[in-house]
Amino acid sequence: MKVLKENGGIKKEVLKMKGFTVFCMMLVVMSSLVFAEDEPIVADVVMPRVDIIGTAENLEHIPGSGHILDRQELEASRVFTINEALRKVPGVHVRDEEGFGLRPNVGIRGLNPTRSTKVTLLEDGIPLVYSPYGDNASYYHPLIDRFERVEVLKGAGQNIFGPQTIGGVINYITATPPRQFGGSFAASGGNLGYFSGKLRIGGGNVLLDMTRKQGDGARENTHSILHDLNFKLVSQLGEEQALTLRSNYYQENSIVTYSGLTEAELINFGPRYNPFKHDAFDNYRIGSSLTHEIFRGNATLTTNFYLSYYRRDWWRQSSTTGGGQPGGDVIRNARLRGESINVDTIHSNQGRLRNYLTGGLEPRLKFAFDLGEIKNELETGVKIHLEGQERLQLNGSSPTARSGTAVEHNLRKTEAYSTFLANKFILGQISVTPAIRLEHFNSWRSNLLTNPNQVGSDLMTVWIPSIGMNWKPVEQIALFSGVHRGFAPPRTEDVIGGTGVSTEVGPEDSFNFELGIRARPTEGSSIQVSYFRNDFRRLIAVGSIAGGTIPLAEGEALFQGVEFSGNYQHGTGIYARGTYTWLPTAEQTTPFRQVVGGAVTPGSVAGNRQPYAPQHKFNTALGIVLGGFDGQIESVYVGEQFANFSNTRVTTPDGQSGTIPVQVIWNVTLNYTIKPIEPTLFLTVKNLADATYIVDRTRGIQTSIPRLVQSGIKYTF
C-alpha cells in the first residue's frame, strides 16, 4: 500500500490532469503551426480520426468479424435509441432499462451486458466512457442522432484498441464538417410525450450540431429532457497535415427511479407502476479533443488529445434493499406485499453523486513498406490515460431532499500507460497480422470520511498477444481467423477497499478464437458467418449484475457460438437484411467464488448457464424503395434468459430472480421524399403489437416501453 504524504494528495493528482491535457493540446496546435505551409486549403478535406474498420470495402481485409451500420440504414429504419441500432449487429445483445435508451446495457458474445462494462466504447477512436480503466460503466451515452456510422469489431483485430479486449469494440463515427455551406433540420413527435428537434449546419469545414429530445419512459413517473450540442472544426495545414477540433456538451434531466417492480407490484398495479415520483437523475458532460494528423509518403501519424468532465447526480428514495435509509425496511416489506406506497410520507432520500475527470494523449503511427515480395502494413502507438473519480453519497431527510449527511466520500485515481505493435504481412491474397499490447496502470483510492492522508494503491502490468489471418482465394470470398488474449482491468473499488487495503483480484482473462467467412454470392448480396469460442480463465462478476447484490466473485466460463449476417438488394427496389446469433454455450465451467473468503456465490454451479445470455437472437428486415418511397418492417427476436447464476425459473418476491421470457418486437417505418425540394416525411411505429416484456431483473422487474408512434420531417439544404 502506498501512502501520499501531502494532505489531499489524490486531489492534487487529479488537478494535474487538467494542466497535463491542456499542455498536450497546446503542443499539438503549436506543432501544427510549425509544420504548416503557406498553401491554400484544398476543396476536399479529410477529417483526421481513428477508424476501427473504415469503409465497407475494408471489411474484406480485416482479420476478424466486423459490422458497419451506415447512415442510410440508420435513417431508413429511423432508429429511436442506440439499443435499437446495435440490435442489428450479430453477436451483440442490448438490454433495455428505462425505455429511452439513455444507459445502454451492451454485451457481446454472451458476456453480461450490465452497464456495458465488458465492451470498449469509442467515438471517432477516442474513449467515450468516463472511466474505462477505473469504472467502465455507461451511465452516460450520447444520443444516436449524433452519429453518422457505427462500427463494431470483434476478434483479434480489437487488440490494438482496448483496454477491454474480451468482447469487442464499438466505434461511433460523427459527421464530417462540409466544405460548402449546408445542413439539415429534423423534427418529430409522438405519443408518450415524445418530441425531438435537430439542427445540423456547417460550411468552411466547420460544423454545429444541436439536438433536443424529450419523452416519457417505460413506467409511470419517468420522463427525460436531453440536450446534445456539438462543435467541430477541420483545418488542413498545408498538403501534409490536418487538424480536427471537437467540443461537445451533453445534459440529461430525468425523473427515473433505481428500483424495478416486485412481483406483487407487477400483479397488483401492472407493468407501468412506479410510485417514486421524487427520484431524479441529472447529469452533464463537457468534452473536447484535438486530432492531429501528419501524412507523408507511406506514413501517417495520428495523435489524439482528449479531456472530459462528467457529473452525475442520482437522487432516489428506494433501492433493492433497505439500503440503510430511515424506514427503508418498512418500504421494502410493503412493496414485497404489493401495497401502495405514498412516497410523500417517506422522509428520506439518497443522493449518489459522482464526478469524473478524464484525459489522455495517444499517437498512432501507420507505415507501409515492402520486404522483398512481402508487403507490410505496420501500426504502432502509445497512450497516456489519466482518470480521477470523486464519489459522494448524501442521505437526505425529506422526500425531495437534494442535500444531506455524507455517508460515503472517496477519491479514486488511475494512471494508465499502454502501447501496441501490429504488423500485417501481405503475400498475394494472404495476410497475417501478429500484434502485442502492453497495459500498465496504477490505481489509488482515498477515503475522505476516515483518513484522507492515507491512500491505498495497486499496480498492474499485462501483456496481451494476438494473431489474425485473412485469405481471399477468389474475389468474392474472404476467409478470416484469429486468436487473442482477452483482457479487462478490474475496477478501482474492487482492487482497493474503503480502508485502502488491496484485494487480490486479477484482471479478466480469456483465450479467444474465431473462424469465419465473408462472401458476395451475387451482385447486391453479401453474407458473413463466424464461429467463436471464448474460454475464460477468470471472469469477474461484480455486485448487482444478476439477481441482486452479490459480493465480488470470479470463476471460469466458456462461451461459444455462431453469428450470421446477410444483406440483399434487388434491382426492383426490394431489399432484405438479417442477423442471427446462436449461443449454445454460455457456461459456468466452475462455480463462481467470492474474491474475499473464497465462498461459493449462492446458486453458482458448474454447468449452469450465465445470466443474460440468450441462446437465440434474430433481427430481420424486409423493405422496398419505389421512387421517393422507402418502407420496411423489422422483427426482433430475443430468446429466453436467466437472471441469476442459479438459473432460477420461479420468480422470487423481489422480482430479481426468475426467467426473462422470449421477446418478439415488430417495428415499421415509412419514409417519403418529396421532389424536387426533397424534404423527407417519415412515420415509424416501434413495438407495433404493443407487447409488454420483462427486459431486466437486476434491481427488480423492468418492463419494455409500450407502443411508440412517431412522425416527423427532415429537410436537407
Using every non-hydrogen atom in the two residues, find where [X] and [Y] come nearest and quote the distance to one decimal.
X      : Y      : result
Arg285 : Ser308 : NH2-CB, 3.4 Å
Gln389 : Ser131 : NE2-OG, 3.5 Å
Asn268 : Gly338 : ND2-O, 3.0 Å
Asp344 : Pro399 : O-CG, 3.5 Å
Ala643 : Tyr612 : CB-OH, 3.8 Å
Ala401 : Trp315 : O-CE3, 3.3 Å

Using ring-ring contact (aromatic ring centres under 6.0 Å, His included) as the criterion, list what pairs up with [X], not counting sequence neighbours.
X      : value
Phe147 : Tyr172
Tyr130 : Tyr310, Tyr356
His278 : none

Side chains of [X] and [Y]: donor-acceptor distance under 3.5 Å anywhere?
X      : Y      : value
Gln632 : Tyr575 : yes
Arg200 : Asn230 : no
Asp696 : Gln702 : no
Asn83  : Asp96  : yes
Asn105 : Thr114 : no
Tyr580 : His616 : yes
Arg49  : Thr291 : no

For residues 633-640, run the donor-acceptor check on the side chains, cut-off 3.5 Å, and write out each pair with its distance to 0.1 Å, sequence neighbours left out.
{"residue": "Glu634", "atom": "OE1", "partner": "Asn667", "partner atom": "ND2", "Å": "3.0"}
{"residue": "Glu634", "atom": "OE2", "partner": "Lys88", "partner atom": "NZ", "Å": "2.6"}
{"residue": "Glu634", "atom": "OE2", "partner": "Arg577", "partner atom": "NH2", "Å": "2.8"}
{"residue": "Glu640", "atom": "OE1", "partner": "Arg649", "partner atom": "NH1", "Å": "3.3"}
{"residue": "Glu640", "atom": "OE1", "partner": "Arg649", "partner atom": "NH2", "Å": "3.3"}
{"residue": "Glu640", "atom": "OE2", "partner": "Arg649", "partner atom": "NH1", "Å": "3.0"}

Charged N-O contact under 4.0 Å between [X] and [Y]:
X      : Y      : value
Asp279 : Arg316 : no
Asp70  : Arg149 : no
Arg103 : Glu252 : yes
Arg391 : Asp135 : yes
Lys154 : Glu563 : yes

Handout entry: Centroid-centroid under 6.0 Å between Tyr250 and Tyr140 rings
Key =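 Yes, they do, as the ring centres are separated by less than 6.0 Å.
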Practice task
State yes or no: are the ring centers of Phe185 and Tyr715 separated by less than 6.0 Å?
Solution key: no
Handout entry: By side chain to side chain donor-acceptor pair (under 3.5 Å) - contacts of Asn253 (at least two apart)
Key =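 Result, side chain to side chain donor-acceptor pair (under 3.5 Å) vs Asn253: Gln251, Asp282.
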Problem - Result of checking Thr211, Leu102, Asp145 against Leu226 for side chain to side chain contact (heavy atoms under 4.5 Å, CB included) - result: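 Answer after filtering Thr211, Leu102, Asp145: Leu102.
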Going by side chain to side chain contact (heavy atoms under 4.5 Å, CB included), name the residues that satisfy it together with [X], two or more places apart in sequence or in a different chain.
X      : value
Thr716 : Ser184, Lys714
Thr572 : His570, Ile574
Asp216 : Leu192, His223
Asn136 : Val129, Pro132, Gln164

Please tabulate, for side-chain N and O atoms in residues 684-692, each donor-acceptor pair with protein atoms closer than 3.5 Å (sequence neighbours left out).
{"residue": "Thr684", "atom": "OG1", "partner": "Val668", "partner atom": "O", "Å": "3.2"}
{"residue": "Thr684", "atom": "OG1", "partner": "Thr669", "partner atom": "OG1", "Å": "3.2"}
{"residue": "Thr684", "atom": "OG1", "partner": "Lys686", "partner atom": "NZ", "Å": "3.3"}
{"residue": "Lys686", "atom": "NZ", "partner": "Ser77", "partner atom": "O", "Å": "2.9"}
{"residue": "Lys686", "atom": "NZ", "partner": "Arg78", "partner atom": "O", "Å": "2.9"}
{"residue": "Lys686", "atom": "NZ", "partner": "Glu84", "partner atom": "OE2", "Å": "2.7"}
{"residue": "Asn687", "atom": "OD1", "partner": "Asp690", "partner atom": "N", "Å": "3.4"}
{"residue": "Asn687", "atom": "OD1", "partner": "Ala691", "partner atom": "N", "Å": "3.1"}
{"residue": "Asn687", "atom": "ND2", "partner": "Ala691", "partner atom": "O", "Å": "2.9"}
{"residue": "Asn687", "atom": "ND2", "partner": "Ile705", "partner atom": "O", "Å": "3.1"}
{"residue": "Asp690", "atom": "OD1", "partner": "Arg707", "partner atom": "N", "Å": "2.8"}
{"residue": "Thr692", "atom": "OG1", "partner": "Arg272", "partner atom": "NH2", "Å": "3.2"}

Exercise for the section: Please list all pairs passing the salt bridge (Lys or Arg N to Asp or Glu O under 4.0 Å) test where one or both residues lie in residues 218-228, with sequence neighbours left out. Expected result: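 Matches after skipping sequence neighbours: Arg146-Asp228.
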Exercise for the section: Measure the acute angle between the ring planes of Phe100 and Phe80, then classify it against the limits of 30° and 60° as parallel, tilted or perpendicular. Expected result: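 Rings of Phe100 and Phe80: perpendicular, as their planes differ by over 60°.
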Exercise for the section: Could you tell me which residues satisfy salt bridge (Lys or Arg N to Asp or Glu O under 4.0 Å) with Asp630, sequence neighbours excluded, listed by chain and number? Expected result: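 For Asp630 there are no salt bridge (Lys or Arg N to Asp or Glu O under 4.0 Å) partners, ignoring immediate neighbours.
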Handout entry: Straight-line distance of Ser704 OG to Ile694 CD1, nearest 0.5 Å
Key = 9.5 Å
